[in-house]
Amino acid sequence: MNLFSDFQTRITHIIEKLVGEKRLPPGLDMAKFGVEPPRDASHGDLSCNVAMVFARDIKEFYANPRQLATEIGFELAKMPDVAEAEVAGPGFINIRLKPSAFADVLRACLEQGPQFGASQSNGLKVNVEYVSANPTGPMHVGHGRGAVFGDALASLLAFSGAAVTREYYINDAGAQVDVLARSAYLRYCEALGETISIPEGLYPGDYLVPVGAALAQSHGREWLGKPESVWLVPVRDAAIDAMMGMIRSDLAALNIRHEVFFSERSLHIPHNGKSDVDIAIDLLQAKGLIYEGRLPPPKGQLPEDWEDREQTLFKSTGFGDDVDRPLKKSDGSFTYFASDIAYHNRKIASGFDILVDVWGADHGGYVKRMAAAVSALSDKKVELDVKLCQLVKLVRDGAPVKMSKRSGDFVTLREVVDEVGLDAVRFMMLFRKNDAPLEFDLAKVLEQSKENPVFYVQYAHARAKSIFRQAVKAFENIDLSPKSLANADLTLLKDAGEAGLMRLLAQYPRLIEQAAKAHEPHRLAFFLHDLASAFHAHWNAGKDSPQLRFVNEENRELSLARLALVGSITQVLAAGLDLLGVSAPVEMR
RNA sequence: GCACCCGUAGCUCAGCUGGAUAGAGCGCUGCCCUCCGAAGGCAGAGGCCAGGGGUUCGAAUCCCUUCGGGUGCGCCA
C-alpha cells in the first residue's frame with residue numbers, strides 16, 4: 001500500500017468530478033501534480049500541490065489556487081481516514097491522517113512482509129547492462145562500483161514491477177584481446193622453461209601465469225617458437241575464457257549474477273550471410289542515416305597521425321549528437337561503435353522498452369552517440385539511460401592506496417571484498433550518488449561506530465531483533481508472529497517518536513517507486529540510514545523516559561502494539577538491505 | 001577550442017525530477033548509562049546553495065552566461 005499514490009488517485013477523482021460538473025476545464029494533465037511528504041512534520045502527513053500546478057488553467061473558475069484547494073480539501077476531509085485537510089501557503093493542501101491510517105500501514109507491512117512496497121507488474125521490459133569489464137584481467141574497485149550499482153538498480157526495478165534482464169557485454173573483440181593473447185603466450189613459454197621479459201604494452205600481471213601453465217599442460221611444446229598466426233586464436237580464446245571465469249567468480253563474491261553474458265565477437269559472425277553488425281548497419285542505411293563523408297579534425301590539439309579521409313559515417317547529429325560518427329576504421333574493419341550499435345539493436349529487437357547502460361565516467365563522451373543510435377534504431381520508441389559511475393578513491397585511514405593497472409600491481413576488487421566483506425563494499429558503493437566521486441576507506445567501513453553507515457544501519461536491525469528477544473523473556477507465551485502483531489491494538493501508539501517512525505514506514509513504498517523511476521538506488525540506502533537514525537533516537541528516548549520503552553512488563557497490550565511497530569521497522573530494514581544486496585544481521589556480537 | 005559531469009555548513013555529502021523556515025554525519029561547545037545493546041542519543045554554534053541574469057504563484061533544482069574542478073574529443077574498448 002502506498003498512501004501517496006492512493007491519495008493521488010483520490011484527488012484525481014475529485015478533480016474529474018469537478019470537471020464533470022463543469023466547475024473545472026477539461027484536459028487537465030493529472031500527471032503534473034504530486035502528493036508528497038511535507039518537509040516539516042507540523043504540516044501534516046501528506047501534502048498536495050494540485051491547486052497551484054493548475055493555477056493557470058483554473059483562472060476562469062476560481063479566483064486563486066487557494067479557492068480550489070479549499071474545495072478539494074473539503075472533499076478530502078469527508079473521507080473516513082482523514083483527520084483534517086487544510087489549505088496553507090499559496091495553495092498547498094495539507095492532509096493529516098487519523099491514527100487508523102497508520103495502523104493500516106503497519107498491518108500491511110507485517111502481513112506483506114518482504115513484499116511490502118513492491119509493485120504489481122507494470123508490463124515494462126527493462127534491460128540493465130552493467131560491469132562489462134574487459135576480459136583482460138581481474139576487476140578493480142571502479143568496476144565494483146558499477147557492478148553493485150547495476151545489480152541494486154536491477155533489483156529495485158524488478159521489485160517495482162518491471163521484467164528485468166541483467167546483462168554483461170563481453171568485449172572479446174578488437175585489439176586488446178590480441179594483446180591479452182600475446183601476454184598469455186609469453187606465460188605459456190615461461191611455463192615451458194623459457195626466460196621471458198614482458199614488453200611495454202602487454203599485460204604484466206601474474207594472473208596470466210596459471211593461464212600459461214594450463215596451456216603448457218594441455219598443448220605441450222606445440223606452439224613454442226611458432227608464428228602468431230598459429231597460436232593467437234586458440235591462446236586468445238583460452239585466455240578470454242580464463243579471464244571471464246575469474247571475473248564471474250569475482251562477481252559471485254559480491255553476490256552478483258547476470259542472466260546474459262553477451263559476446264561482442266558474436267556480433268561479427270555471419271548467420272545466413274549476414275552478421276548482426278551488417279543487419280544493424282543495413283537498418284540505418286534503409287533509414288537514410290549512413291553516408292560517406294569527411295569529418296573536421298578535432299579542435300585544439302591535432303592528433304599526430306591525423307589524416308583527412310572519406311569514411312562511413314552515421315548521421316548521429318540528427319539525434320542530438322555533436323558530430324557524425326565513423327563506423328569503419330581505416331583498415332576497413334568496423335569500429336567499436338558499430339559493434340555497439342549492433343548490440344543495442346539486438347536488445348531493441350528483443351522487445352525491451354527501456355535500456356539502462358552502466359558505464360564508468362570516463363566513457364561520458366560516448367553517451368550522446370549511443371543514445372542517438374538507440375533513438376534512430378528504435379524510431380525513438382526505446383529509451384536509453386546511461387548511468388555513469390564516477391571513480392572510486394581507495395584509501396586506508398585517509399591515506400590513498402595506489403592503483404596502477406599498467407604495472408600489474410593494483411588492488412583488485414576481490415582483495416577488497418576479501419578484506420572488508422561484501423556488505424561493506426556493497427553498502428558503501430551505494431551510499432553515494434552514482435555521478436559523485438566516492439572515497440572508500442578500508443579502515444572506516446570496518447569500524448563499529450555510527451560513523452560507519454553500514455554498521456549503523458545493520459546495528460539498528462540487530463537492535464530491533466534484540467527487543468524481540470527481550471519481549472520473549474518479559475512475557476510468557478507471547479506470540480510475536482507478524483499475524484499476531486497485526487492484531488494488536490495499534491491505536492495505542494500515540495507518542496510523537498512512534499508517529500514519526502510510522503510516517504517514515506509509510507513513505508517506504510513511495511521511496512522505492514521514485515528511486516526505481518529515477519534509476520537511483522542510493523536513495524534507498526539513504527532512506528534506510530534515516531530510518532535507522534529515527535529508530536536509534538526513539539530507542540534512546542526510552543532510556544530517558546521508561547514509559548516509552550518498547551517492552552513494558554506491566555502493559556502487555558501496549559507492548560504488543562509497540563512490538564508491531566518494531567516488527568515493521570525490522571521488516572523494512574531487512575527488505576531494504578536485501579534489495580541492496582546487504583545482509584541484515586540478527587545480532588552484531 | 002567543443003561536449004558531458006560536478007560546485008550546498010570548516011570537512012565529507014543528502015536534498016524525494018519546481019514546493020513551504022535548505023538537512024545529516026564528522027569536527028567544535030555543553031549534556032544523557034543502578035534502566036529494552038552508550039557499538040547509541042539530546043542540545044547549541046555554523047549558509048549570498050560558486051557569481052550574475054532569466055522563466056513563474058514558487059528556483060539549490062529548469063534556461064542563458066561567467067568563474068572554478070573533473071572526464072573525454074577519427075583509425076582504444
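Within every chain, numbering begins at 1; the chains are lettered A, B, ... in the order of the sequence lines, protein sequences first and strands thereafter.
- Of the side-chain N and O atoms in A/Lys517, none sit less than 4.0 angstrom from OP1 or OP2 of B/U17.
- Within the shown strands, nothing qualifies as a pairing partner of B/A14 under the Watson-Crick or G-U definition with both distances less than 3.5 Å.
- Comparing A/Ala541 and A/Arg369 along RNA chain B, the residue whose closest nucleotide (by nearest heavy atom) sits nearer the 5' end is A/Ala541.
- Side-chain polar atoms of A/Asn134 and A/Gln176 form a donor-acceptor pair below 3.5 angstrom.
- If you check B/G44 for Watson-Crick or wobble pairing at under 3.5 angstrom, you find it paired to B/C28.
- Here A/Glu447 lies out of heavy-atom contact (under 4.0 Å) with every strand.
- Put simply, the side chain of A/Asp362 and the base of B/G72 share no donor and acceptor less than 3.5 Å apart.
- Remark: A/Lys433 is not in phosphate contact with B/C5, judged by side-chain N or O atoms under 4.0 Å from OP1 or OP2.
- Note: A/His522 and A/Phe526 have perpendicular aromatic rings, judged against thresholds of 30 and 60 degrees for the angle between ring planes.
- Across the strands present, B/C67 finds its partner in B/G7; the criterion is a Watson-Crick or G-U wobble pair with both atom distances under 3.5 angstrom.
- Taking atom P in both B/G44 and B/G23, the straight-line distance is 13 Å, to the nearest Å.
- A salt bridge links A/Asp237 with A/Arg265: at least one charged nitrogen is closer than 4.0 Å to a carboxylate oxygen.
- Contact between the side-chain N/O atoms of A/Ser466 and the OP1/OP2 oxygens of B/G37 is found at a separation under 4.0 Å.
- When heavy atoms are screened at a 4.0 angstrom cut-off, A/Arg510 is found touching base atoms of the nucleic acid.
- With a cut-off of 3.5 Å on both pairing distances, B/U55 has no Watson-Crick or G-U wobble partner at all.
- A distance below 6.0 Å separates the ring centres of A/Tyr508 and A/Phe527.
- Using a 4.0 Å heavy-atom criterion, one finds that A/Phe431 contacts no nucleic acid atom at all.
- For A/Trp539, a side-chain nitrogen or oxygen approaches OP1 or OP2 of B/A38 to under 4.0 Å.
- Backbone-only engagement by A/Asp322 is indicated by non-hydrogen atom pairs under 4.0 Å involving sugar-phosphate atoms exclusively.
- B/C11 sits 16 Å from B/C49 when the P atoms are compared, rounded to a whole Å.
- Remark: the A/Arg463 side chain and the B/C36 base include no donor-acceptor N/O pair separated by less than 3.5 Å.
- Relative ring orientation between A/Tyr366 and A/Phe337 is described as perpendicular, the plane-to-plane angle rising above 60° on a 0-90° scale split at 30° and 60°.
- Counting non-hydrogen atoms under 4.0 angstrom, A/Ser47 reaches a base of the nucleic acid.
- Among the protein residues, A/Val551 comes within range of the nucleic acid bases, having at least one heavy atom under 4.0 Å from a base atom.
- Residue contacts for A/Phe550: at a heavy-atom cut-off of 4.0 Å it reaches a base atom on one of the strands shown.
- Close to B/C4, at under 4.0 Å from its OP1 or OP2, lies a side-chain N or O of A/Lys368.
- Residue side chain A/His529 does not reach the base of B/A24 through any donor-acceptor N/O pair under 3.5 Å, judged by distance alone.
- A/Gly89 comes within contact range of no nucleotide atom at all, as no heavy-atom separation falls under 4.0 Å.
- Comparing B/U56 with B/G27, their P atoms are spaced 47 Å from each other, to the whole Å.
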* To do: Go through A/Val141 and A/Met429 one step at a time and tell me if the side-chain contact (heavy atoms from CB on, under 4.5 Å) criterion holds.
  => CA-CA 10 Å; A/Val141 186; A/Met429 294 289 186; 3.6 Å; yes

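- Going from atom CZ of A/Phe535 over to atom C1' of B/G40 covers 11 Å, rounded to whole Å.
- B/U21 and B/G25 have their C1' atoms separated by 22 Å, with the value rounded to a whole Å.
- B/C2 and B/G72 make up a base pair, with Watson-Crick or G-U wobble contacts both under 3.5 Å.
- Remark: A/Gln390 is not in phosphate contact with B/C6, judged by side-chain N or O atoms under 4.0 Å from OP1 or OP2.
- As the counterpart of B/G37, no nucleotide is assigned, since no Watson-Crick or G-U wobble pattern has both distances under 3.5 Å.
- More than 90° away from 0 lies the glycosidic angle of B/C32, which makes this nucleotide anti.
- Applying the 4.0 Å criterion to OP1 and OP2 of B/G15, one finds that A/His522 has a side-chain N or O inside that range.
- Residue A/Lys328 is classed as having no contact, given no heavy-atom separation below 4.0 Å to the nucleic acid.
- For B/C35, its base sits under 3.5 Å from the side chain of A/Arg549 at one donor and acceptor pair at least.
- Judged by Watson-Crick or G-U wobble contacts below 3.5 Å, the nucleotide B/U61 has no partner.
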* side-chain contact (heavy atoms from CB on, under 4.5 Å) between A/Leu267 and A/Phe262: does it pass, once the steps are laid out? -> CA-CA 9 Å; A/Leu267 294 166; A/Phe262 194 94; 3.5 Å; yes

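- OP1 or OP2 of B/C16 has not a single side-chain nitrogen or oxygen of A/Arg523 nearer than 4.0 Å.
- Classification of A/Lys347 and A/Glu129 as a salt-bridged pair holds, one side-chain N sitting under 4.0 Å from a carboxylate O.
- Put simply, A/Lys465 has no side-chain N or O that comes within less than 4.0 Å of OP1 or OP2 on B/G37.
- Residue contacts shown for A/Val323 are absent, as no nucleic acid heavy atom lies under 4.0 Å away.
- A/Tyr456 has no side-chain polar atom (N or O) that falls below the 4.0 Å cut-off from OP1 or OP2 of B/A24.
- Phosphate contact (OP1/OP2 of B/G40, side-chain N/O of A/Lys543, threshold under 4.0 Å): absent.
- Between A/Phe431 and A/His529, a ring centre-to-centre spacing shorter than 6.0 Å is recorded.
- Annotation: B/G10 and B/A45 have their C1' atoms spaced 12 Å apart (nearest Å).
- Comparing A/Tyr336 and A/Arg309 against RNA chain B, the residue whose closest nucleotide sits nearer the 5' end is A/Arg309.
- Rounded to whole Å, the separation between the P atoms of B/C4 and B/C62 comes to 14 Å.
- Using a 4.0 Å heavy-atom distance criterion, A/Ala474 is classed as making no nucleic acid contact.
- Base contact: A/Asn94 has a heavy atom under 4.0 Å from a base atom.
- A/Pro65 comes within contact range of no nucleotide atom at all, as no heavy-atom separation falls under 4.0 Å.
- When heavy atoms are screened at a 4.0 angstrom cut-off, A/Pro453 is found touching no nucleic acid atom at all.
- The C1' atoms of B/G18 and B/A60 are separated by 11 Å, rounded to the nearest whole Å.
- Note: A/Phe33 and A/Phe54 have perpendicular aromatic rings, judged against thresholds of 30 and 60 degrees for the angle between ring planes.
- Nucleotides B/C2 and B/U61 place their P atoms 24 Å apart, quoted to the nearest Å.
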